[in-house]
Each structure stands twice: as C-alpha cells, then as structure tokens.
Amino acid sequence: QLKLQESGPGLVKPSETLSLTCTVSGGSISSFFWTWIRQSPGKGPEWLGYLHYNGDTDYNPSLKSRVSISADTTKNQVSLRLTSLTAADTAVYYCARETISSTYHPHWFDPWGQGTLVIVSS
Amino acid sequence: QSVLTQPPSVSGAPGQRVAISCTGSGSNIGANYDVHWYQQLAGTAPKLLIYGNNNRPSGVPDRFSGSKSGTSASLAITGLQAEDEAEYFCQSYDSSLTAVVFGGGTKLTVL
C-alpha cells in the first residue's frame, strides 16, 4: 500500500524559502506523477504543481516564479521549494500521487499524505 | 474566491439524501473537463471519493454518486450516516488559468 509522508519546518520567516520533503513508501516514485497541494485555513485546496518521473514539471501559473518540485530517486522522495514566503503561504501542505488516465482529464489525486502545517511568521 | 463554487454547508438527517453542487464555467467544467470529488474528515487529508464524474474507487460505498451536466457537477449521498459528516471538495481543470482547480468545499452536517 502506497504511503506518503510530508516533512519540513513548521515555522518559517517571511521572505525566506520553504523546503518540504515527501517520503514515499510501499512503491517507487519512478513511473508516476507527484503533486503538491496546499490548503489554507478554512479554504479549498490549491494545486501547486507536479513532477513526472521523467523530470517533466508543471506549476500553477499563480506561483510559477516561486515554486519548484524535484525528486531524489535514491531516497524515494519528492521535494517542494517555495521562495519569497509571505503570510499568505501559511497552509497545510500535502503531497499526493497523480493518477494518470487516458479517459479522464484532468487527472486525480490518490493517495494523499497526511499533510504538514507551515506557518509563515516573524 | 474559488473558481469552482460550492455551497458552504449542507445538512441532512440520518437516512436522508443530500446533494452538493459544484458550479463552474465555460473554461472548466463547461469545457468538458472532468470532475473529481474528495472527502475530508476532520483533521485528516482529503480522500478520493469519486473520479471521472461518476466513478467510485474500490471501497467507496455506492451511497455516493456523482454526475456532471453543462457547467456544473453534483455529488449525491443517499442513506446518510453519521460517519459521512465531513468536508467535500470538487476538482477539475481550468483552461484559462491553465491549472488544476478545486472548489471551496462544502461542510456536511448529519443532524
């Protein structure tokens, strides 16, 4: 059974860079798409971007200049980097596997990790 | 303000049927992009409930069903149970934003 676990600092200062890691167990990160999604308090989820195992990436245009996603296949981990943080970036950050389908578009996300809360504050 | 609009809350008594709407526009649901639904129990991560408008993953009870028409989609839950109390989100794609988009979420209360 595939399991995803996010980890990273719970508190970061404004203007700093956030780095989060998603450790995948029960399967290899090769052969799939991996997505980062965040959810601010009381709001719906926001898609941040995805990484394909072949290295292709796509990011939400609203964040494109600040976000990057990468992978370490030796550790079976997917990482998120978000720069120039502000209070608006305070959220629970989730990683998820993006299920690929030739029938439906867009793809869907399953499973999700448990999420990690990131607070941006001085 | 989410691109996909959901009612903030719905409620129903045990055994009843409720429906949750997800209203989009011509650049997302109306552009024939598919809709997926997630259930988020309190304090947990979202869980896939419906994919491809009306398909249930293995393990999801058939009390849950989805539909899509025009610029809207809907999630129906029949035979409400206390364990269904959760937040529900819809997800699709918007061609104007060139991004995956989610609804703002609907809190279901089982009376």
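Just so it is clear: chains get the letters A, B, ... in the order the sequence lines come, proteins before strands, and each one is counted from 1.
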Student: Tell me whether B:Val35 is reachable from B:Phe64 by hopping between hydrophobic residues (I, L, V, M, F, W, Y) whose side-chain heavy atoms are closer than 4.5 Å.
Tutor: yes
Student: Would a single hydrophobic cluster contain both A:Leu63 and A:Ile37, if residues Ile, Leu, Val, Met, Phe, Trp and Tyr are joined by side-chain heavy-atom contacts under 4.5 Å?
Tutor: no
Student: Could you please show the donor-acceptor pairs under 3.5 angstrom between chain B and chain A, with distances rounded to 0.1 Å?
Tutor:
from, atom 1, to, atom 2, distance (Å)
B:Asp34, N, A:His105, O, 2.7
B:Asp34, OD2, A:His105, N, 2.8
B:His36, NE2, A:Pro106, O, 2.8
B:Tyr38, OH, A:Phe109, N, 2.9
B:Gln40, OE1, A:Gln39, NE2, 3.2
B:Gln40, NE2, A:Gln39, OE1, 3.1
B:Gln40, NE2, A:Tyr94, OH, 3.2
B:Asn55, ND2, A:Tyr104, OH, 2.9
B:Gln91, NE2, A:His107, O, 3.0

Student: Is there a chain of hydrophobic side chains (I, L, V, M, F, W, Y, each step under 4.5 Å between heavy atoms) that links A:Val92 to B:Phe102?
Tutor: yes
Student: Is there a path of hydrophobic side-chain contacts, each under 4.5 Å between heavy atoms of I/L/V/M/F/W/Y residues, joining A:Leu82 to A:Leu51?
Tutor: yes
Student: Between B:Pro57, B:Gly43, B:Pro46, B:Ala45, which shows the greatest number of heavy-atom pairs under 4.5 Å with chain A?
Tutor: B:Pro46
Student: Find the one option among B:Leu48, B:Leu4, B:Val101, B:Val100 whose heavy-atom pairs under 4.5 Å with chain A are most numerous.
Tutor: B:Val100
Student: Could you see if A:Leu85 belongs to whatever hydrophobic cluster contains A:Leu80? Use Ile, Leu, Val, Met, Phe, Trp, Tyr and a side-chain cutoff under 4.5 Å.
Tutor: yes
Student: Less than 4.5 Å to any heavy atom of chain B: does that hold for the side chain of A:Pro111, its backbone, both, or neither?
Tutor: neither
Student: For residues 73-85 of chain B, pull every pair meeting salt bridge (Lys or Arg N to Asp or Glu O under 4.0 Å), keeping only residues two or more places apart or in separate chains.
Tutor: B:Arg63-B:Asp84
Student: Looking only at non-hydrogen atoms, find the nearest pair between A:Pro61 and B:Ala99 and report the distance.
Tutor: CD-CB, 4.1 Å
Student: Could you look at B:Leu97 and say if it's the side chain, the backbone, both or neither that has a heavy atom under 4.5 Å from chain A?
Tutor: backbone
